[in-house]
Every structure is written in C-alpha cells, then in structure tokens.
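Read the structure below first, then the notes.
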Amino acid sequence: MSEYFVPAGSGEAEFVEKRSSFLGHVRFAGTEDAAREFINDMKKKHYDARHNCWCYIIRGGAVRYSDDGEPQGTAGIPVLSVLRASEVSDAVVTVTRYFGGILLGASGLLRAYTTAASEAVHAAGIVTYVIFDELRLTVSYSDRQRLETLLHGDGIKLDGSDFGTDVVLTLAVKADLTAGFLRSVDDRCSGRARVERLGSRYDA
C-alpha cells in the first residue's frame, strides 16, 4: 500500500432526531489500547447517556464495533461503515445517544448514527500518509551546492546534514519520485554521489 488515511485531528458533531441527541466523536488511535482508552473515557464522560456506541479500525490490525444495547446492526456497523467509506484507519469513533423519549425504529437509528459519525469525521478532517524512501547521500561540498534546489523540491524531506570531510545528507523521498530524484542527483553530481538506501516509512 503506497498511502493510507487517518483523522487529521479531533472531530465532534451533534445530530438531533425526534429529541434524541446523537454526539459523534472521532480521534486518531494508532493502537487498540489507545482506541479502548478513548472509548472508556467517553463512557465515563457520558455515564448518564442511554447508549455509547463505538467502532475502531487499526491499520493492519483490529476492527471492532459495539451497538451498546441498540438493536443489532443499527449503530456499530453503520458507524464502522462511515470509516470504511472514508477509507480511514487508525481511527476510533464513538456516538453517544441521549434518548429523547421517542422510538426511532431501525431506519431512524441507522440514519442518526451514520449522520453523527459522518459529520464528526468531516469535522476532524483526513490526512494522507504516503510511503517515503529513506536515503543517505554522501557528496562533496561543491556537489552539495549543486543539489540545493533539488533538495527543496516537492516530495523531498531533508532529515539531517552532517558536515565532515564530505557532506552526508539523510533524506526521505516520496517513493514514486525516488527513481527520478536519483537520476537528477547522478546528473548534477556527474556520478560522484554515494547513495545508500536505509529503508522506508510512512509520512504525511
């Protein structure tokens, strides 16, 4: 996978249906423990609510949801479907319902939970993480000057510079740009640059 999506921040939204209030909350959660901690925090905060429904998706890991006493399939799965439709992972969503005294029926519950979750995700925003190749370039001081504009191009992150006998540059380059970047380095340095591939990482 060359990219994935996570919540950009915290998101909150309220949806009211026939006097029932549905409070949606979205947070980033990189682990299942972090997701469960947030869920427990929301349950404590809204201890007086009728239902605290939730779901989370951890990238490459667990997918869980709960209807928390609502009719099966009317709360947890619709909230989970919002994350899946947005292709968001490493995320936890809770939707708290304060009952307004009027039964909504299955379709009404599904609509209310979906809307509260969707608006909370929208409020949080989404950030894209893409894969970067981590490189180490060893160049002369004069060649370092020749690379100046290239090092500040889009999709290039200069992680560090070590100035010794030569200049050692630690870089992260968007994976789909790496081949072209290295050709440009080779061209500007006339083949003198020494290149080491250190690995890869996801970054925004």
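Proximity of the aromatic rings of Y4 and Y202 is defined here by a centroid distance below 6.0 angstrom, and this criterion is met.
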Do any side-chain atoms of residues 93-106 form donor-acceptor pairs under 3.5 angstrom with protein atoms, and if so which ones, sequence neighbours left out?
from	atom 1	to	atom 2	distance (Å)
T96	OG1	N52	OD1	2.6
R97	NE	S20	OG	3.4
R97	NH1	E70	OE1	3.4
R97	NH1	E70	OE2	3.0
R97	NH2	S20	OG	3.3
Y98	OH	H46	ND1	3.0
Y98	OH	D48	OD1	2.9

Would you tabulate the side-chain donor-acceptor contacts of residues 118-126 under 3.5 Å, counting partners in other chains and residues two or more places apart, or write 'none'?
none

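Between the CG atom in D143 and the CZ atom in R194 there is a gap of 11.0 Å [rounded to 0.5 Å]. Rounding to the nearest 0.5 Å gives a distance of 11.5 Å between SG of C53 and CD1 of I77. Rounding to the nearest 0.5 Å places OG of S161 at 5.0 Å from CG of L169. To the nearest 0.5 angstrom, K45 atom NZ is 5.0 Å from M42 atom CE. Of the inter-residue distances, the one linking Y56 atom OH with F38 atom CZ reads 13.5 Å to the nearest 0.5 angstrom. In this structure, NE2 on H25 lies 13.0 Å from CD1 on I39, to the nearest 0.5 angstrom.
Each of V168, D159, D162 was evaluated against R136; a single residue qualifies, V168, per the side-chain contact (heavy atoms from CB on, under 4.5 Å) test.
F132 and Y129 fall into different hydrophobic clusters, where Ile, Leu, Val, Met, Phe, Trp and Tyr are joined by side-chain heavy atoms under 4.5 Å apart, directly or via other members. Residue L182 is grouped with residue L150 when hydrophobic side chains (ILVMFWY) are merged at heavy-atom distances under 4.5 angstrom, including chains of intermediate members. Cluster membership check: V82 shares its hydrophobic cluster with L80, using side-chain heavy-atom separations under 4.5 Å among Ile, Leu, Val, Met, Phe, Trp and Tyr.
Under a cut-off of 6.0 angstrom, the local environment of CD in E148 is crowded, with over 12 non-hydrogen atoms contributed by other residues, nucleotides or ligands. Atom NZ of K18 has 12 or fewer neighbouring heavy atoms from other residues, nucleotides or ligands inside a 6.0 Å radius.
At a threshold of 4.5 Å between non-hydrogen side-chain atoms, the residues L110 and S107 do not count as touching. E196 is not listed as a side-chain neighbour of L137, based on a closest heavy-atom distance of 4.5 Å or more. The side-chain heavy atoms of V167 and T138, taken from C-beta on, include no pair separated by under 4.5 Å.
Between R27 and D90, none of the side-chain N atoms (NZ, or NE/NH1/NH2) sits under 4.0 Å from a carboxylate O, so this pair counts as no salt bridge. Under 4.0 Å is where a charged nitrogen must lie from a carboxylate oxygen, and between R36 and D33 no such pair does. Using a cutoff of 4.0 Å between basic side-chain nitrogens and carboxylate oxygens, R197 and E134 are not scored as salt-bridged. By the 4.0 Å N-to-carboxylate-O rule, K174 lies too far from D176 to be salt-bridged with it.
Under the 3.5 Å distance criterion, with hydrogens and angles disregarded, a donor-acceptor pair is assigned to the side chains of D133 and T178.
Under the salt bridge (charged side-chain N to carboxylate O under 4.0 Å, His left out) criterion, R188 pairs with no residue, sequence neighbours left out.
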Residue pair T128, V130: steps toward the side-chain contact (heavy atoms from CB on, under 4.5 Å) verdict:
CA-CA 6 Å; T128 304; V130 300; 4.0 Å; yes
